[in-house]
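Everything below concerns the one structure shown next.
For clarity, every value in this text was computed on a predicted model and none was experimentally measured. A note on names: the letters A, B, ... follow the listed sequences, proteins ahead of strands, and every chain is numbered from 1.
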Number of protein chains: 2
Amino acid sequence: MTRAATTATHAGGHLVAALDRAGHRLTGPRRSVADLVAARDGHFTAADLVEDARRQGIGRATVFRSIDLFTSLGLVERVDLPGGEHAYVACETAHHHHAICTSCGRSFDVDDAGLSEVLGTIGHRSGFRVTAHRLEIFGLCAACQR
Amino acid sequence: MTRAATTATHAGGHLVAALDRAGHRLTGPRRSVADLVAARDGHFTAADLVEDARRQGIGRATVFRSIDLFTSLGLVERVDLPGGEHAYVACETAHHHHAICTSCGRSFDVDDAGLSEVLGTIGHRSGFRVTAHRLEIFGLCAACQR
DNA sequence: TTCCACGTGAGACACAGTATCATGTAGGAC
DNA sequence: GTCCTACATGATACTGTGTCTCACGTGGAA
Ligand SMILES: [Zn+2]
Ligand SMILES: [Zn+2]
Ligand SMILES: [Zn+2]
Ligand SMILES: [Zn+2]
């Protein structure tokens, strides 16, 4: 379990690199959105990002297009908070889940920790063939428990 | 694992009973929406329900208000499909999760099957105190595998 | 039967995300 | 370096989903 985002300027370098690897153009706006995403601490809404981007002269549509792009590359994931609101989190690319702190909003990557066995049990018991799943965990991070 | 919905007319009886128990008024529109929800096979969108209800002269706002009500009573739950779309499913009131068939759309209630241990492991390892979680499972039901 | 707190429908509203289209530019070909 | 074009952008209009307001209606207790 590691912190999902860092906070340096131009921290979006690895996002930009991933765009490049996938054969997408490395444009100014995309670099900027990548930095904005990487600079975010914890989950953020589309509106947050649109507002940040607007101050740099980047349009609404481009922000959504960039989010889609990063999402398709597995670098950003859309999560649904307990209240039903949507948010996005920056994350690593492998299959994993998020533990989201309800106090500070930070998200942490979590590995399966036995979940796949649980899913196997469910499938075996019921004849349901599991092909995909989503797990979201909410609670308090170690720092916020103090 | 049991089927979540049945298909008879006025099948919304147990929904109506739950409203009564919780001290809400048993109005005509609410009874109708309860029936519409109970009659649904598998997940449905708000738009589906609004359309059904409109034919009976029931307004949009009332449908959303009824969904909220049923949701607060644990009789309907909002789920997020893999593609990102929203839907609702009728379900029993205890804590559980949904296995959703990507072919026929039916949803099945699933118990923890060891999930709480997995969550305990995650918390123990990382110092994160888990207070809530959401698990959605997608795949093919036994019938649709044939 | 009376009464009023709660529920309703109509329609305006707020917000997230998408589509369209004319303009701009990254980056490969040369 | 210079073209060139496919891809990206921003402005703007649009759709869909859910919320709010408010005048009117009604369930259900007294
Ligand atoms: Zn925290
Ligand atoms: Zn998993
Ligand atoms: Zn099925
Ligand atoms: Zn659970």
- request: With rounding to the nearest 0.5 Å, note down the distance linking CZ in B:Phe70 to CG in B:Leu15.
  value: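 One gets 5.0 Å once the value is rounded to the nearest 0.5 Å.
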- prompt: Yes or no on side chain to side chain donor-acceptor pair (under 3.5 Å) for B:Thr45 and B:Asp48, after CA distance, side-chain angles and deciding distance?
  reply: CA-CA 5 Å; B:Thr45 64; B:Asp48 291 334; 3.2 Å; yes
- prompt: Quick one: are the ring centres of B:His86 and A:His86 less than 6.0 Å apart?
  reply: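 Close enough - the centres of the two rings lie under 6.0 Å apart.
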Ring centre gap for B:His133 and B:His97 strictly below 6.0 Å: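 Under 6.0 Å, so yes.
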Closest contact, heavy atoms only, A:Ile100 versus B:Phe128: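 It is O-CZ, 3.5 Å.
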task: Using heavy atoms and a sub-4.0 Å distance, could you list which residues of residues 21-34 of chain B are near DNA chain D? By number, please.
output: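 Heavy-atom contacts with DNA chain D come from B:Arg25, B:Leu26.
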message: For the helix from C:dT1-D:dA30 to C:dC30-D:dG1, what angle separates the axis at the start from the axis at the finish, each from five pairs, in steps of 10°?
response: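 About 30°, once rounded to a multiple of 10°.
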message: Nearest to the side chain of A:Ile58, heavy atoms from C-beta on, is which of D:dT17, D:dG10, C:dA16?
response: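 Between D:dT17, D:dG10, C:dA16, the one nearest the side chain of A:Ile58 would be D:dG10.
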Criterion salt bridge (Lys or Arg N to Asp or Glu O under 4.0 Å) on A:Asp80 and B:Arg78, from CA distance to verdict: CA-CA 11 Å; A:Asp80 299 279; B:Arg78 181 171 168 165; over 6 Å; no
- request: Determine the contact category for A:Ala46: base if any of its heavy atoms lies under 4.0 Å from a base atom, sugar-phosphate if only primed atoms, P, OP1 or OP2 are that close, otherwise nothing.
  value: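 The answer is sugar-phosphate, as A:Ala46 gets under 4.0 Å only of primed atoms, P, OP1 or OP2.
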- request: Select from B:Arg60 and B:Gly57 the residue whose nearest nucleotide in DNA chain C is closer to the 5' end of that strand.
  value: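 Mapping each residue to its closest nucleotide by heavy atoms, the 5'-most match is B:Gly57.
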- request: Look at A:Asp35 together with A:Arg40 and state whether they make a salt bridge at an N to O cut-off of under 4.0 Å.
  value: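 Salt bridge absent between A:Asp35 and A:Arg40.
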